[in-house]
There are 2 protein chains.
Amino acid sequence: MSAERRKFKHEPPDRRKLDLIEAALSLIAEKGVKGATVRDISRRAEVTQGLIRHYFSSKEDLIVAAYRYHMTQMTEVTYTSASQIDGTATERLAAFVQASLTPPVVSPRAVALWASFLVQLQQDANVKTTHEQTYTEFRDHLEDLIGAALKEAGCSVSQGRLRYLATACNAVIDGLWLEGGALPHAFAAGELPDIGLQSIGSIIAIDLRQKVDQA
Amino acid sequence: MSAERRKFKHEPPDRRKLDLIEAALSLIAEKGVKGATVRDISRRAEVTQGLIRHYFSSKEDLIVAAYRYHMTQMTEVTYTSASQIDGTATERLAAFVQASLTPPVVSPRAVALWASFLVQLQQDANVKTTHEQTYTEFRDHLEDLIGAALKEAGCSVSQGRLRYLATACNAVIDGLWLEGGALPHAFAAGELPDIGLQSIGSIIAIDLRQKVDQA
DNA sequence: CCAATAATTATACGAATGTATAATTAAAAT
DNA sequence: ATTTTAATTATACATTCGTATAATTATTGG
């Protein structure tokens with residue numbers, strides 16, 4: 001007897017692409033880019049491996065698409081959190097910090113994905129520029145928020161000084177993000193944004209902690 | 001004609017092991033753990049691949065040895081830098097921060113290795129505990145240094161508050177370390193330790209920047 | 001109901017990988 | 001010198017990987 005052929009349903013191309021991208025991301029977070037094989041990915045997406053090549057010209061093509069998708073998701077969470085606050089500049093800065101130090105931005109998955117992509121990034125110049133753009137964009141955004149908060153507080157600083165402060169605050173966020181994702185059980189709920197707000201507040205000499213419960 | 005057999009020299013086992021570990025580390029930094037094949041590693045160490053299995057029971061065995069070796073190297077650099085300072089507690093803290101934010105601790109290689117091992121770490125419980133020990137050890141060390149510096153400054157804080165400050169300062173170091181290694185051209189020479197000392201100084205309310213040129 | 005289309009499965013293939021084992025050679029011991 | 005030992009090379013093997021291509025099936029339009 002011949003094994004019966006597997007039943008399947010047609011799905012809209014965008015839907016299938018997204019399924020494949022999400023399956024890829026979850027596996028990349030678990031096992032790295034090389035460890036996430038096309039067979040693994042197709043199995044998790046509940047399709048056969050041939051379908052990947054139908055939607056993506058190669059594995060690398062899928063990886064790059066997954067990277068872009070993930071990055072867009074992460075930045076959207078933080079950026080919209082700040083812009084939706086209809087209050088003072090200090091409140092928007094606090095909301096931005098808060099969102100950057102809360103799930104889903106802070107999570108083992110996000111850190112694992114970052115690490116996995118960094119490895120690949122060194123070999124793919126295409127992904128590398130996207131990465132650097134994302135970083136610069138994030139810091140520029142933070143710089144604008146800090147600048148507005150300082151101006152609001154009547155504190156005038158030079159452009160160089162502002163860049164300096166943004167870099168330092170960015171480092172605090174990155175460091176806490178890293179630790180929160182790499183050692184999730186080492187922090188109580190709410191501890192991470194609390195430390196972040198207080199530390200950044202110390203660095204720019206503005207109290208941010210009371211500004212956070214406005215949303 | 002038969003191809004002539006390759007000439008070779010006997011080397012002390014420890015020497016060969018170290019060669020293999022260093023070849024492995026350089027390749028892991030470039031291509032990740034999975035990307036660093038035993039053939040690659042043996043080629044870079046200028047031996048044939050069979051030799052790896054003569055010194056290590058498996059590839060994973062070599063990877064774990066390389067990880068331990070690397071971690072020991074990194075922590076030694078920072079710990080000795082602080083303990084060798086024969087001055088005030090504040091100076092020792094400043095030296096510790098300085099060393100943590102200077103090559104070879106801050107380097108693309110170190111960040112790449114960290115990312116590469118993190119991916120593997122999620123699957124190997126053995127490596128995972130080593131990782132968590134290293135982190136806890138580092139933060140405890142920093143906590144002691146901060147505690148001593150605060151005491152020296154006549155500032156008394158609770159144990160919980162001290163832990164809180166250590167976590168925040170650790171985050172600053174981690175974040176700057178990350179950015180300095182991931183985007184080396186984004187920072188001028190000496191900028192990273194400068195930002196670190198100033199930011200940590202702001203957080204614990206002690207000026208560290210004048211304390212660094214004593215060595 | 002039938003033809004056309006493309007979405008999906010199924011199978012195959014060469015290259016690369018980790019591992020295992022046998023063959024050789026350099027160095028040390030006697 | 002000769003034997004012994006272990007360090008090193010060489011070769012082989014099963015498996016897995018990405019990719020390519022052919023075969024089928026669901027869906028749509030007439």
Side-chain angles (χ1 to χ4, degrees), chain A residues 1-24 27-28 30-67 116 119-120 123-124 127, chain B residues 1-24 27-28 30-67 116 119-120 123-124 127:
Chain A
M1 61 172 255
S2 65
E4 56 189 20
R5 199 180 176 92
R6 176 174 174 161
K7 294 286 181 283
F8 64 94
K9 242 192 79 183
H10 279 61
E11 297 283 355
D14 286 348
R15 175 75 214 152
R16 267 286 141 80
K17 273 193 180 177
L18 201 59
D19 284 347
L20 287 169
I21 284 176
E22 274 166 356
L27 274 161
I28 290 168
E30 290 172 21
K31 313 205 277 181
V33 173
K34 277 247 166 61
T37 68
V38 294
R39 284 168 176 84
D40 279 342
I41 295 169
S42 59
R43 195 179 312 126
R44 185 155 298 184
E46 294 179 329
V47 295
T48 54
Q49 58 167 326
L51 199 58
I52 288 185
R53 261 189 64 72
H54 186 255
Y55 284 111
F56 301 94
S57 67
S58 66
K59 179 185 175 181
E60 183 176 330
D61 190 25
L62 168 57
I63 300 301
V64 171
Y67 176 71
S116 296
V119 174
Q120 227 57 21
Q123 304 173 63
D124 189 336
V127 181
Chain B
M1 61 171 255
S2 64
E4 56 189 21
R5 199 181 176 90
R6 175 173 173 163
K7 295 283 181 282
F8 64 93
K9 243 192 79 183
H10 278 62
E11 296 284 354
D14 286 348
R15 175 74 215 152
R16 268 286 141 81
K17 274 193 179 178
L18 202 60
D19 284 347
L20 287 169
I21 284 176
E22 276 167 353
L27 275 161
I28 290 168
E30 289 172 21
K31 313 205 276 179
V33 172
K34 277 248 166 61
T37 68
V38 295
R39 284 169 177 82
D40 280 341
I41 296 170
S42 58
R43 195 178 311 126
R44 184 156 298 184
E46 295 180 330
V47 295
T48 54
Q49 59 166 325
L51 199 59
I52 287 186
R53 261 190 65 72
H54 185 257
Y55 285 112
F56 301 94
S57 66
S58 67
K59 180 185 174 180
E60 183 176 332
D61 191 25
L62 168 59
I63 300 301
V64 171
Y67 176 70
S116 296
V119 175
Q120 227 57 21
Q123 305 175 61
D124 188 335
V127 181

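The sequence lines fix the lettering, A, B, ..., with proteins before strands; numbering per chain opens at 1. Values reported hereafter were calculated over all heavy atoms of this structure, with side chains retained and with hydrogens, waters and symmetry mates removed.
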Non-hydrogen atoms of B/His10 and B/Phe8 that approach each other most closely: CE1-CE1, 3.9 Å
Nearest-angstrom distance from the residue atom CD of B/Gln49 to C1' of C/dT17: 9 Å
Rounded distance in Å - CZ (A/Phe56) to P (D/dA20): 16 Å
5' precedence on DNA chain C between A/Glu46 and B/Lys59 (nearest-nucleotide basis): A/Glu46
Exam field: side chain A/Lys59 to backbone A/Val33, donor-acceptor pair closer than 3.5 Å: yes
Whole angstrom value for the distance that separates P of D/dA6 from CZ of B/Arg16: 17 Å
Over all atoms of both residues, closest heavy-atom pair of B/Ile52 and B/Leu20: CG1-CD2, 3.8 Å
Selected nucleotide, minimal atom distance to A/Glu11 side chain, candidates C/dT19, C/dT8, D/dC17: C/dT8
Rounded distance (nearest 0.5 Å) linking atom CG of B/Asp40 with atom CD of B/Gln49: 10.5 Å
Closest-nucleotide 5' rank along DNA chain D - winner of A/Gly50 and A/Asp40: A/Asp40
Tabulate protein N/O versus nucleotide N/O from nucleotides 23-30 of chain C, keeping only pairs under 3.5 Å, one per line.
{"unit_1": "C/dA23", "atom_1": "N3", "unit_2": "B/Arg5", "atom_2": "NH2", "d": "3.4"}

Nearest heavy-atom neighbours spanning B/Ala36 and B/Leu27: CB-CB, 3.8 Å
Interatomic distance, B/Tyr55 OH vs D/dA6 P [rounded to whole Å]: 12 Å
More than 12 heavy atoms of other groups within 6.0 Å of B/Glu60 CD: no
Whole-Å gap separating P (D/dA7) and CG (B/Leu18): 16 Å
For the student: nearest non-hydrogen atoms of A/Ser116 and A/Ile28, plus distance: OG-O, 3.1 Å
Bend angle of the helix from C/dC1-D/dG30 to C/dT30-D/dA1, from helix axes over five pairs at each end, nearest 10°: 10°
Gap between atoms CD1 and C1', on A/Ile52 and D/dT21 respectively (whole Å): 17 Å
Sugar-phosphate, base or nothing in reach of A/Arg39, heavy atoms under 4.0 Å: base
Whether A/Arg53 side chain and A/Ser57 backbone form a donor-acceptor pair below 3.5 Å: yes
Side-chain N or O of B/His54 closer than 4.0 Å to phosphate OP1/OP2 of D/dA7: yes
A/Thr48 side chain, from C-beta outward: closest of C/dT9, D/dT8, C/dG18: C/dT9
Separation of C/dG18 P from B/Leu27 CG (nearest whole Å): 12 Å
Donor-acceptor pair present, B/Arg53 side chain and C/dG18 base, under 3.5 Å: no
Closest non-hydrogen atom pair, A/Ala65 against A/Phe56: CB-CE2, 3.9 Å
For atom CG of A/Leu51 and atom C1' of D/dA20, their distance in whole Å: 15 Å
Shortest non-hydrogen separation from A/Arg16 to A/Lys9 and the atoms involved: NH1-O, 3.6 Å
